Amino acid sequence: ATRVATHLHISPSPRYLPSVIFRNVPAAKLALVASRNAVFSSSVCIDLDQLFEVRAVRDIRRMTIVSPRVVPAAKFGGTVVRLLNATGKGRLAFRSHAVESLHVDFEGIIGNRHRGWTRGADARVPYLPRDTVMRNSRQLSLVSVEDCAEIARRLEIGAVEPAALGANVVASGIAHFSFLPRATRLLFPGGAILSIEDQNAPCSLAAEALQLANPDKPHIKPAFVKAATGLRGLVATVEHPGQITNGSAFTARLPQQWIYE
């Protein structure tokens, strides 16, 4: 069916939009809408400008017209409980060592192995050839005490050492830290502002480093990726240069979130 409906009026249940009106909608698109999987409690009325095969639309029984959700902006407070830096080179040299403070500028942590405006594409970027030069969205790695404790619980080990994960900032006090949304700003007293870019997906290198730190637990490496999913922390870039000091409080400013489903 290729003709169009001049008027499609949907009065859905209260959990969705109060009313949705489509005008001049091709029947093929109506069929696509009909493939959704939530049930309306009220009627669907279709007025056609001409007679045509109604079979494409008369079986509209299940559909979803969901309004994008908007989550208000928010602020939370946390504490820096540990700072680390990784300056070495090589495959497993991302393991970091403890420091008292980090000096950051627009290229990242001064002296850090991940410092720079650009980086090479890797397995995290399947839409670009390996080693293609791209913007460096991974200048810093952040984890939380709470998330590391949950990984350890899942792996049935005593603790997950943030240094083995290559972390730079270890925070505490913010629940579900690894789920802070993109564009969250972390503001530190020393002037530094970090912008959250993404979750840090667990990888085989971190699994190998954690395994090396726990040689008596051979199950860690194969189990790490599943255990650390959603808990591996965040990657960030520097929005404003400054200093991050061990033990300092910081503010997380979450942006208004647009949940497009």
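Predicted model, so just to flag it, every value in this text is computed and none were measured. Below, each value reflects all heavy atoms present in this structure, side chains not excepted, and no hydrogens, waters or symmetry copies.
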Could you tell me if [Y] and [X] have a donor-acceptor pair between their side chains, going purely by distance under 3.5 Å?
{"X": "E146", "Y": "S172", "value": "yes"}
{"X": "S178", "Y": "D147", "value": "yes"}
{"X": "R113", "Y": "N85", "value": "no"}

Matching residue for F177 among V143, V145, L231, L234 - test: side-chain contact (heavy atoms from CB on, under 4.5 Å):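 The residue from V143, V145, L231, L234 that satisfies side-chain contact (heavy atoms from CB on, under 4.5 Å) with F177 turns out to be L234.
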L186, V80, L180, V170 screened by side-chain contact (heavy atoms from CB on, under 4.5 Å) with L142, the one that passes: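 Result for side-chain contact (heavy atoms from CB on, under 4.5 Å) with L142: L186.
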Ignoring hydrogens and geometry, is there a side-chain-to-backbone donor-acceptor pair from [X] to [Y] under 3.5 Å?
{"X": "R253", "Y": "T251", "result": "no"}
{"X": "R185", "Y": "S195", "result": "no"}
{"X": "T245", "Y": "S101", "result": "no"}
{"X": "S248", "Y": "I244", "result": "no"}
{"X": "D131", "Y": "G120", "result": "no"}
{"X": "N112", "Y": "G108", "result": "no"}
{"X": "H114", "Y": "L140", "result": "no"}
{"X": "Q211", "Y": "K217", "result": "yes"}
{"X": "N200", "Y": "V235", "result": "no"}

Nearest 0.5 Å please: distance from the [atom1] atom of [X] over to the [atom2] atom of [Y].
{"X": "T87", "Y": "R115", "atom1": "OG1", "atom2": "CZ", "answer": "13.0 Å"}
{"X": "L187", "Y": "F250", "atom1": "CG", "atom2": "CZ", "answer": "10.5 Å"}
{"X": "R232", "Y": "Q199", "atom1": "CZ", "atom2": "CD", "answer": "11.0 Å"}

Verdict with supporting geometry, T237 and E107, side-chain contact (heavy atoms from CB on, under 4.5 Å): CA-CA 8 Å; T237 52; E107 293 188 65; over 6 Å; no
E156 atom CD, neighbour heavy-atom count above 12 within 6.0 Å: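 Counting other residues, nucleotides and ligands, CD of E156 stays at 12 neighbours or fewer.
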Salt-bridge criterion met for R82 and E161 (N-O under 4.0 Å):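 Salt bridge: yes.
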Residue pair E208, K221: steps toward the side-chain contact (heavy atoms from CB on, under 4.5 Å) verdict: CA-CA 6 Å; E208 187 173 344; K221 186 175 179 180; 4.2 Å; yes
Side chains of [X] and [Y] in contact at under 4.5 Å (non-hydrogen atoms):
{"X": "M134", "Y": "V125", "result": "yes"}
{"X": "L165", "Y": "C148", "result": "yes"}
{"X": "D198", "Y": "R182", "result": "yes"}
{"X": "E197", "Y": "R138", "result": "no"}
{"X": "V225", "Y": "S204", "result": "no"}

Nearest heavy atoms of G230 and F179, plus distance in Å: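 Of all heavy-atom pairs spanning G230 and F179, the closest is O-CE1, 3.2 Å.
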Worked verdict on Q139 versus N136 for side-chain contact (heavy atoms from CB on, under 4.5 Å): CA-CA 6 Å; Q139 292 177 343; N136 183 11; 3.6 Å; yes
H240 and F106 aromatic ring geometry - parallel, tilted or perpendicular at 30°/60° bounds: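 Plane angle over 60°, so perpendicular.
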Candidate pair D105 and I110, rule side-chain contact (heavy atoms from CB on, under 4.5 Å), full reasoning: CA-CA 7 Å; D105 60 17; I110 296 174; 4.1 Å; yes
